[in-house]
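Because only heavy atoms are used, hydrogens play no part in the values below, and waters and symmetry mates are left out as well, while side chains stay in. Just so we're on the same page: letters track the sequence lines, and every chain starts at 1.
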2 protein chains.
Amino acid sequence: MTTVQSQTDKRTRLIDTAMRLAHAHGFRETSLSDIAETAEVPIGNVYYYFKTKGELGEAVVERRLAEFQGFKEEMGHLSSAKERLFAFVDSIERRKDQLARGGCQWVGLCSELRLNGGALAAKSAALLNAPLAWLEEQFQAAGHGRDARGLAVHLFSAFQGTAAVAHGTGDPELVVMEVRRLKEWIAALMKTENVTTS
Amino acid sequence: MTTVQSQTDKRTRLIDTAMRLAHAHGFRETSLSDIAETAEVPIGNVYYYFKTKGELGEAVVERRLAEFQGFKEEMGHLSSAKERLFAFVDSIERRKDQLARGGCQWVGLCSELRLNGGALAAKSAALLNAPLAWLEEQFQAAGHGRDARGLAVHLFSAFQGTAAVAHGTGDPELVVMEVRRLKEWIAALMKTENVTTS
DNA sequence: GTCTATACCGAGATAGAC
DNA sequence: GTCTATCTCGGTATAGAC
């Protein structure tokens with residue numbers, strides 16, 4: 001049992017560390033040695049858990065996707081789509097420092113791995129599409145079925161752009177400014193045609 | 001004279017190629033061999049023009065900055081800030097395919113080189129700040145001095161986000177959708193307090 | 001000024017001892 | 001299952017012939 005646990009511990013530690021370092025410096029920029037050293041796992045031992053670096057990358061993508069799944073479930077407790085949209089925006093503000101330091105942890109990874117081609121590229125596209133699809137559902141549920149896709153793209157773009165600019169300037173306060181604007185936008189939109197719950 | 005010209009030609013070709021490949025695959029991902037081969041300059045010869053890869057990177061940044069300077073000058077022909085803001089947005093739409101393929105050529109480079117530290121990082125920050133400052137001036141000139149900075153950040157963020165999402169999905173039509181939205185936003189804003197020319 | 005050959009290093013990956 | 005030693009390759013950079 002101890003053995004099994006220490007196995008999963010190491011594996012988990014490797015993924016965690018890879019996730020953190022990849023967010024800070026980019027995945028390709030991060031060497032396996034860096035990851036192993038930071039995770040306190042002997043360098044060569046990494047290959048016991050992951051056959052290639054790409055496989056570790058997949059694990060990181062899956063972890064990020066799971067992260068978003070977790071977010072969705074939290075949102076499930078809220079009763080209206082409007083509340084969920086506000087909660088989404090709030091979650092952006094809560095991560096302002098993280099965003100200013102390394103950009104968006106989902107789309108940053110996605111656009112980086114996109115070039116790799118193969119299974120990784122395909123899988124990483126979900127990092128973009130999952131949040132987009134979820135936002136689209138919310139707008140639909142909020143009675144904006146007509147251009148739910150457009151609204152979702154707009155909100156998500158605004159989020160991405162804010163992350164990019166905050167990262168570029170290193171200023172987390174820009175996130176706060178933009179979040180306020182986004183909230184006003186959602187509020188105005190919801191007044192237009194306020195329909196239903198869930 | 002022929003000799004001198006072929007020198008500058010090679011140097012120029014190297015920068016051009018580096019710029020193109022860096023936009024497509026990222027600067028660090030692009031090897032000097034790739035650049036030299038594509039530019040049809042012998043590999044080792046690169047070091048006659050640039051002592052290090054970083055120096056070539058600087059040249060690329062400078063070229064991108066010059067590109068934006070050129071844009072500013074074109075905009076100078078327009079008589080009102082409002083027109084210039086619309087022209088900015090139009091220029092985004094014109095580059096939709098480029099954006100869908102490789103993201104924003106300014107900020108993409110900036111955020112990539114940011115990690116490098118040193119002179120390159122400092123210089124590349126201008127890729128973000130120059131457009132931001134210019135947008136701020138336009139909003140000021142258009143009579144929105146109060147929150148010109150906020151408006152500039154908003155517009156530029158929207159641009160960046162659109163580029164990121166279009167790149168992630170590979171769909172240039174998202175740019176068109178967002179551009180329409182941005183134009184409406186500017187138009188509404190200008191009605192609010194329409195003041196002056198230049 | 002131009003180009004070739006090569007040194008050098010760090011990264012990913014493997015073999016195999018324990 | 002765990003870890004060390006090592007191979008290989010590709011990239012930056014240099015020395016030096018022409």
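Considering only side-chain N and O atoms, Tyr49(B) lies nowhere under 4.0 angstrom from the phosphate OP1 or OP2 of dG1(C).
Glu93(B) has no carboxylate O lying under 4.0 Å from a charged side-chain N of Lys96(B), or vice versa, which leaves the two without a salt bridge. A salt bridge links Glu178(B) to Arg181(B): one of the charged nitrogens lies within less than 4.0 Å of a carboxylate oxygen. Taking 4.0 Å as the cut-off between side-chain N and carboxylate O, Glu40(B) and Arg13(B) do not count as a salt-bridged pair.
Once rounded to the nearest 0.5 Å, the distance linking CZ of Arg20(A) with CD1 of Ile35(A) reads 10.5 Å.
For the pair Arg28(B) CZ and dG10(C) P, the computed distance is 14 Å after rounding to whole Å. Summarising the geometry, the separation between CD on Glu40(B) and P on dT2(C) is reported as 16 Å, rounded to the nearest angstrom. Taking atom OH of Tyr47(A) as the reference point, atom P of dT14(C) lies 8 Å away to the nearest angstrom. Remark: P of dT6(C) and CG of Leu32(B) are 20 Å apart, rounded to the nearest angstrom. Going from atom NZ of Lys53(B) over to atom P of dA13(D) covers 8 Å, rounded to whole Å. Remark: C1' of dG10(D) and CD of Glu37(B) are 14 Å apart, rounded to the nearest angstrom. The CD-C1' distance, from Glu55(A) to dA13(C), rounds to 13 Å in whole Å.
Geometric assessment of Arg95(A) against the ring of Trp106(A) yields a positive cation-pi assignment under the 6.0 Å and 45° thresholds.
Trp134(B) and Phe88(B) have tilted rings, their planes meeting at an angle from 30° to 60° on a 0 to 90° scale.
Without hydrogens or angle criteria, Arg114(B) side chain to His167(A) main chain gives a donor-acceptor distance under 3.5 Å.
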For nucleotides 4-9 of chain D, give me one character per nucleotide, 5' to 3': B if any protein heavy atom sits under 4.0 Å from the base, S if the only such contacts are to the sugar-phosphate, - if neither. B-----
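When distances are taken from the side chain of Ser31(A) to each of dT12(D), dA13(D), dA11(C), the shortest belongs to dA11(C). For Lys10(A), whose side chain is taken as the heavy atoms from C-beta onward, the closest listed nucleotide among dA11(C), dT14(D), dC3(D) is dC3(D). For Tyr48(A), whose side chain is taken as the heavy atoms from C-beta onward, the closest listed nucleotide among dA13(D), dT2(D), dT14(C) is dT2(D).
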